[in-house]
**Q** 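Below is the structure I would like to discuss, written out as structure tokens.
Numbered from 1 within each chain, the chains take letters A, B, ... in sequence-line order.
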2 protein chains.
Amino acid sequence: MLSKKTQYAFHALIHLAEHADKGPILISEIAQEKNISIKFLENILLELKNAGILGSKKGKGGGYYLLKAPKEIPLAKIIRLLDGAIALLPCVSLNYYERCENCRDEAVCGLNDVMSKVRDATLKILENKTLKDILTRNVSIL
Amino acid sequence: MLSKKTQYAFHALIHLAEHADKGPILISEIAQEKNISIKFLENILLELKNAGILGSKKGKGGGYYLLKAPKEIPLAKIIRLLDGAIALLPCVSLNYYERCENCRDEAVCGLNDVMSKVRDATLKILENKTLKDILTRNVSIL
DNA sequence: CATAAACTCTATAAAAAGGATAGACTTTTT
DNA sequence: AAAAAGTCTATCCTTTTTATAGAGTTTATG
């Protein structure tokens, strides 16, 4: 299950993409529209900014905005950023690998084998689907 | 990511299946072999017993044993039992569904749509692969 | 039938994660 | 200069996860 943080991030990114034509968007607008605690959302948007996905403008008329086109933002990237590993086991994670401490040899572990297949099936979707693919409205510009 | 509980459960079940010919297996034997805290493992095996997957025998010469053939135990069942939902979002879970509180209409939510696909791809593997498929040794009997 | 072996059950506690809040600070516009 | 708005750090509370302790119950067996 994805953490609340990642779930909120997706909803916020969707809102930002669907209103990209309106310039910087207020955190408070997103929070209200998507029913998310404003302060918690603040932290999340900040993380997305530090990761180079969002930009922000301070002062009056400020807010957050996408730095990239939605089609350039794979869903897997957002999950890894906020949640870490996508795989079900540390020993089959591509980006957050950890050695298995409960089995003798990962190379012949049947569990490792099956979970690798799950990982591949999941990544095939999450690495190819982007923010653009989950937008509700048609955003012709991006 | 699967919880430690589920990870340990898989390793314990593998051990039980691979030594099914030896009668009841001691908790302590599994704990030592798989490098798991004995008391924590105790709780896990008890849950598996209460779910009808394992049987136990008390007293001297006692221990735990499988109640079903490994090929009758889908991996998805174990995960759902100990971890709950397999899906990445509550709103796409088949067994632990919860309404989405951040979007207006799940029926037209792009996130819901993609995550349903991830769920289906994952379940296609986890519901068809069984304990038998992750055994390291050949257990001809079962 | 006493004893030791082994699972059962309940309670507790430590650690980590998740979720939320507060408030001072900085930047920008007007 | 003042107001608007985002930035940043620190803290706090709750829940979940992981782990441990110990008393209780059952059973084999000598």
**Q** Between the base of C:dC7 and the side chain of B:Glu42, is there a donor and acceptor pair under 3.5 angstrom?
**A**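 Side chain to base: no pair below 3.5 Å.
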**Q** Figure out the CG/P separation between A:Asn43 and C:dA20, and round it to whole Å.
**A**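 The answer, rounded to whole Å, is 11 Å.
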**Q** What is the distance, rounded to the nearest whole Å, between atom CG of B:Leu48 and atom C1' of C:dC7?
**A**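 Rounding to the nearest Å, CG of B:Leu48 and C1' of C:dC7 are 15 Å apart.
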**Q** What's B:Leu45 touching, base or sugar-phosphate or nothing? Going by heavy atoms closer than 4.0 Å.
**A**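 Nothing, no heavy atom under 4.0 Å.
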**Q** Nearest 0.5 angstrom please: B:Asp133 CG to B:Ile73 CD1, how far?
**A**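 B:Asp133 atom CG to B:Ile73 atom CD1 measures 11.5 Å (nearest 0.5 Å).
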**Q** Does the base of D:dG30 carry an N or O that pairs as donor and acceptor with the side chain of B:Lys60 under 3.5 Å?
**A**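 No pair found.
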**Q** What are the two closest non-hydrogen atoms of A:Phe40 and A:Lys5, and how far apart are they?
**A**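 Nearest heavy atoms, A:Phe40 then A:Lys5: CZ-CG, 4.3 Å.
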**Q** If you measure from OG on B:Ser3 to CD1 on B:Ile44, what distance do you get to the nearest 0.5 Å?
**A**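 Going from OG on B:Ser3 over to CD1 on B:Ile44, the span is 8.0 Å.
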**Q** Tell me the interatomic distance from B:Ile27, atom CD1, to D:dA19, atom C1', rounded to whole angstroms.
**A**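 After rounding, the reported distance stands at 15 Å.
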**Q** Hey, is the side chain of B:Lys49 poking within less than 4.0 Å of OP1 or OP2 on C:dT8, counting only N and O atoms?
**A**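 So the side chain of B:Lys49 is within the cut-off, an N or O lying under 4.0 Å from OP1 or OP2 of C:dT8.
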**Q** Within the pair A:Ser37 and C:dT21, is there a side-chain N or O less than 4.0 Å away from OP1 or OP2?
**A**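 A:Ser37 to C:dT21 OP1/OP2: side-chain N or O found under 4.0 Å.
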**Q** How long is the straight-line distance from CG of B:Asn95 back to NZ of B:Lys77, given to the nearest 0.5 Å?
**A**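 Between B:Lys77 NZ and B:Asn95 CG, I get 12.0 Å after rounding to 0.5 Å.
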**Q** Would you confirm whether B:Tyr96, through its side chain, and B:Arg80, through its main-chain N or O, come within 3.5 Å as a donor-acceptor pair?
**A**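 Judged by distance alone, yes, a pair lies under 3.5 Å.
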**Q** Hey, does the side chain of B:Ser56 come within less than 4.0 Å of C:dT8's phosphate (OP1/OP2), counting only N and O?
**A**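 Checking C:dT8 against B:Ser56, a side-chain N or O does come within under 4.0 Å of OP1 or OP2.
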**Q** A:Phe40 has an atom CZ; how far is it from atom P of D:dC13, in whole Å?
**A**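 Distance check: A:Phe40 CZ to D:dC13 P gives 17 Å.
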**Q** Using side chain to side chain contact (heavy atoms under 4.5 Å, CB included), reason through B:Leu135 and B:Ile14 one step at a time and then give a plain yes or no.
**A** CA-CA 6 Å; B:Leu135 299 182; B:Ile14 289 170; 4.2 Å; yes
**Q** Checking all strands, does B:Leu82 fall into the base, sugar-phosphate, or nothing category for heavy-atom contacts under 4.0 angstrom?
**A**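 The answer is nothing, as B:Leu82 stays clear of every strand by at least 4.0 Å.
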**Q** Could you tell me whether the side chain of B:Lys58 has a donor or acceptor atom within less than 3.5 Å of a complementary atom in the base of D:dG24?
**A**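 Flag unset: no donor-acceptor pair detected.
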**Q** Quickly work out the B:Lys39 NZ to D:dG22 C1' distance and round it to whole Å.
**A**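 Atom NZ in B:Lys39 sits about 7 Å away from atom C1' in D:dG22.
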**Q** OP1 or OP2 of C:dT29 less than 4.0 angstrom from a side-chain nitrogen or oxygen of A:Lys57, does that happen here?
**A**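 Yes, within the criterion.
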**Q** Could you check how far CG of B:Leu46 sits from C1' of D:dG24, rounded to whole Å?
**A**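 Rounded to the whole Å, the gap is 14 Å.
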**Q** Which residues within residues 1-8 of chain A lie with some heavy atom under 4.0 Å of an atom in DNA chain D?
**A**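 The answer is none.
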**Q** Between B:Ile38 and B:Asp83, who's closer to the 5' end of DNA chain D by nearest nucleotide?
**A**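 Of the two residues, B:Asp83 wins.
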**Q** Which whole-number value in Å describes the distance from A:Tyr65 OH to D:dA5 C1'?
**A**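 To the nearest whole Å, that distance equals 14 Å.
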**Q** Looking only at atom types and distance, does a side-chain atom of A:Glu106 sit under 3.5 Å from a main-chain N or O of A:Asn112, one as donor and one as acceptor?
**A**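 No.
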**Q** Can you check the B:Asn50 CG to C:dT8 C1' distance for me, whole Å?
**A**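 In whole Å, C:dT8 C1' lies 10 Å from B:Asn50 CG.
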**Q** Indicate yes or no for a side-chain donor-acceptor contact from A:Gln7 to the backbone of A:Leu2 under 3.5 Å, with no hydrogens or angles considered.
**A**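 Yes; at least one donor-acceptor contact below 3.5 Å.
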